[in-house]
Undergrad: 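Let me give you the structure first, and then I'll get to my questions.
Just so we're on the same page: letters track the sequence lines, and every chain starts at 1.
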Amino acid sequence: MAGQTLYDKLWQSHLVEQREDGSALIYIDRQLIHEVTSPQAFEGLRLAGRKPWRRDANLAVPDHNVPTELRERAGGVAAIEDPVSRLQVQTLDDNCDDFDLVKFDINDVRQGIVHVVGPEQGVTLPGMTVVCGDSHTSTHGALGALAHGIGTSEVEHVLATQTLIQQKMNNMLVRVDGSLQRGVTAKDVALAIIGKIGTAGGTGYAIEFGGQVVRDMSMEGRMTLCNMSIEAGARMGMIAVDDTTLEYVKGRPFAPSGEMWDLAVAAWSDLHSDEDAVFDVVVTLQGEEIEPQVTWGTSPEMVLPVNGTLPDPAAIEDPSRKAAVTRALEYMGLQAGSRITDIRPDRVFIGSCTNSRIEDLRAAADVVKGRKVADSVKQALVVPGSGEVKKQAEAEGLDRVFLAAGMEWREPGCSMCLAMNADKLGAGEHCASTSNRNFEGRQGFGGRTHLVSPAMAAAAAVAGHFVDVRDWQEAGQ
Amino acid sequence: MRAFTVHSGLAAPMDRANVDTDLIIPKQFLKSIKRSGFGPNLFDELRYLDEGQPGQDCSRRPLNEDFPLNFPRYRGASILLARENFGCGSSREHAPWALEDYGFRCIIAPSFADIFYNNCFKNGVLPIALDAAIVDRLFDQMYASEGYELTVDLQRQRVITPDGEEIPFEVDAFRRQCLLEGLDDIGLTLQRADAIRAYEDRQRIDSPWLFGAIR
C-alpha cells in the first residue's frame, strides 16, 4: 500500500465516521470567528435552541469592519462611525457574551486579523483541523494543519456539533525546487503558482507545498503561501512540520508547554507526507526562475513578472479568455502591450492576512528607509496584522521609518484588502497592494488592484510606478 | 431549508468565466446581520450604474440596461447559466443567499469553486456542473429563443431542455438527499452525538494538547 500524504494523515486522524454515501464526519479542533460571517450562525443556534458543543474550541476577534485610524479606533466599538459596521461588531460582542465564547476585544493588544492572530497566539497548532467563515483560513495550513474556509451554515454546524460533513479532496503537490533570487518572496511564489495553474487549478484538491524553497521559508512566508491557496482554487494548502514550525510555535500563549509540549512534538514529527505517498497531481516550479510578480488584471491569474508587457487580446484565440482579457484591460484602464513598470499606483496598501506580519513590515521598511513616497502617490497605508505585530514593529522602530517616508501607520485590521471599513480606493484609482484579490471593486467601487509583495509595494510607493525591486535593492545597498 | 425536487423555470445568462463572490454580492452588503434581503443587490456592480449602499431603495437606482438580467426577456428567471469557476473567491454565504433571494434555484456551469458549491446546497440552491460543450449549447439555445425554460429533475438527475433532450448530471449522494428532503444537516449530525463524543474521548487521551482550552 502506498504511503499517506500529509492531508491523508490529517483527514484520517479527524475522521469521526466514514459513511457509505461517500461523505464523512470530520472533527474540528478550532474555529475562529469574526463579525462578518457569524451573526446568522448565532441566530440559527438561537432559533433552534442549540448551544455550542465545545465553547473552549472557539476564538472570536473582530477584524473586517474595524476602523484603522487611531482617532476613530480609540473609542472602541461605540465610536465606530459607520452605524452598520458598528452594529456588526457589537453583534459579535453580544453573541460571544450570550454563548460564553472567548473574544479579543477591538482594542485588546491581541486583536488583529483572525489569520494573523491564530498562529501568533498558538490558538492554531500543527495537526489541528481549523475552520473559519473566511476563505483565507488556508493560512493556518502553514503550521501543518488541515485548515479551510467555510460558509455561515457550516460555522453554525461547527458551533453546534464540533464537526463538519465533508467529502475528501484529491491530493496535489506543488513543489518549488532550488532557491529564490534576492528580492523574490513567498508572495511572488504564490502569484507565480497561480499564474501557472490558474485560479481554478486547485479546485477539488488539497494542496501541499514542498520543495527546497518552501523548506527554506520562514513561517511568515509559509503563511503567505498557504494563504493564497484559495486564489489557486484550493480550499486548503499545507506544509509539513519541521524545525522552523516548532521554533515558531514554542512558547506561544496557547501552545502546549512542559510535558505536554514534548508529547505534542513527538506526535507532530509524523506530520509530513510519506516518501512513497502518491499525489494525484504534481506541479513543479524552479525557484531561480521566479521573478517579482505584479497582477495587471481582475483575477489573480492575470499576473506577470515585473518586466513583462500586458497581453494583447487580438493575439488570443480562446474566445472566453479573449473576452476576459479585453474586459480586464478595460476595467483596469490599461493598454495591451504596455509595460507593468509603466503602471503608476495612486495608493499603496501594505497589510492583509496575506502580508501584514512582522517580516512583511520589515521587508517594506527596508525598502523605504531614508526615502520618500512619490508625490504622485496619494496615500500609502501600512496596516499591521495584529496588535502584537504593531507592538513589535514599533519596538523595532519600523513605524518611524514608515512615517518618515510619508506613509500612514495604522491600527490592525483587514482594512483596504476588502474595504469594509473606511479604507478604500476611489473609482479608477490604481493600488499597489499586498493583499490577495484583485477582483473588480474589491478594494472600493471602481478601484484597480495590483497584487504584489511588500517590498514591491514599498518600492512602487517610492518610485511612483512599479519597479523591479531586485535592481532597487542592488542600487540601495 | 427549502427542498428541491423538480424545478422548471426561465434561464438567464451570466456569460463570463471566473465570476467571483465579490461580483455576486459586494462587500458593503456583508455588513448585514440578517440572512435575507440580499436579492436586490445580487451582481450589484453590474446591475446598477451607481455605487450601491446597504439599506438603499434599489428600485430608484439607475439600471445598467446592458446587463442581461435587466433585459425584460430574462425577468423572473430562476435558472442561471454561467461559465467556468463560478463563485470563486471569498467563502461568503451571502453569495448563495443573494442568488436565492433574487429567485435563482439552480445554477448550471462547467465548474464551480469548492466553497461556493458547498454553500449552495445549504440554501436550497442546486449547482449543476456540465461539460463545457453542453453548457455552450445551452447558452446558444437560450440566446436563440426568448422564453427559454429548462426543467431540472434532481430525483432523476436530469436537465431537460424545451425540445425534450435529457442531460444527465452528477451530484454527491448525501447532498442530493439533503436537498431532496430539505433536511437540516445539524439535526442529522446531532443524531450521531454519541460517535462524536466517543471520538473526543479517544482524542483527549491520545492527543490532549488538541484540547487546550481557549479561556
Undergrad: Using non-hydrogen atoms and a 4.5 Å limit, figure out which bit of B:Lys34 sits close to chain A: side chain, backbone, both or neither.
TA: backbone
Undergrad: Can you tell me which portion of B:Ala95 sits under 4.5 Å from chain A's heavy atoms? Options are side chain, backbone, both or neither.
TA: neither
Undergrad: Would you kindly say whether A:Ser153 and B:Glu93 are connected by a side-chain donor-acceptor distance under 3.5 Å?
TA: yes
Undergrad: Measuring heavy-atom distances to chain A, does B:Arg176 have an atom under 4.5 Å in its side chain, in its backbone, in both, or in neither?
TA: neither
Undergrad: For chain A, which residues from residues 201-215 of chain B lie under 4.5 Å away (heavy-atom distances)?
TA: B:Gln203, B:Arg204, B:Pro208, B:Trp209, B:Leu210, B:Phe211, B:Gly212, B:Ala213, B:Ile214, B:Arg215
Undergrad: Between B:Glu84 and chain A, which part of the residue has a heavy atom less than 4.5 Å away: side chain, backbone, both or neither?
TA: side chain
Undergrad: By number, which residues in residues 50-60 of chain B have some heavy atom less than 4.5 Å away from chain A?
TA: B:Asp50, B:Glu51
Undergrad: Do side-chain atoms of B:Asp114 reach the backbone of A:Thr203 as a donor and acceptor pair under 3.5 angstrom?
TA: no
Undergrad: Check whether any side-chain heavy atom of A:Glu301 lies under 4.5 Å from a side-chain heavy atom of B:Asn18, and answer yes or no.
TA: yes
Undergrad: Assess whether salt bridge (Lys or Arg N to Asp or Glu O under 4.0 Å) is satisfied between A:Glu17 and B:Arg192, documenting all intermediate values.
TA: CA-CA 9 Å; A:Glu17 274 189 336; B:Arg192 304 300 304 149; 2.2 Å; yes
Undergrad: Got a donor-acceptor contact below 3.5 angstrom from the B:Lys31 side chain to the A:Met420 backbone?
TA: yes
Undergrad: Indicate the atoms forming the closest heavy-atom contact of B:Ile115 with A:Ser135, along with that distance.
TA: CD1-CB, 4.1 Å
Undergrad: What part of B:Asp185 is in contact with chain A, defined as an atom under 4.5 angstrom from a non-hydrogen atom: side chain, backbone, both or neither?
TA: both
Undergrad: What I want to check is whether the side chains of A:Glu154 and B:Asn118 have a donor and an acceptor closer together than 3.5 Å.
TA: yes
Undergrad: Which is it for B:Asp20 and A:Arg442 under the salt bridge (Lys or Arg N to Asp or Glu O under 4.0 Å) test, yes or no, and what are the steps along the way?
TA: CA-CA 10 Å; B:Asp20 57 74; A:Arg442 169 82 179 181; over 6 Å; no
Undergrad: Using the salt bridge (Lys or Arg N to Asp or Glu O under 4.0 Å) rule, take B:Asp172 and A:Arg19 through it: C-alpha gap first, then chi angles, then the decisive distance, then the call.
TA: CA-CA 12 Å; B:Asp172 157 79; A:Arg19 293 162 174 177; over 6 Å; no
Undergrad: List the steps and the verdict of side-chain contact (heavy atoms from CB on, under 4.5 Å) for A:His14 and B:Tyr199.
TA: CA-CA 9 Å; A:His14 288 84; B:Tyr199 171 88; 3.6 Å; yes
Undergrad: Looking at side-chain heavy atoms only, is the closest gap between B:Ser90 and A:His136 below 4.5 Å?
TA: no
Undergrad: Assess whether a salt bridge exists between A:Glu440 and B:Lys27, defined as any Lys/Arg side-chain N lying under 4.0 Å from an Asp/Glu carboxylate O.
TA: no
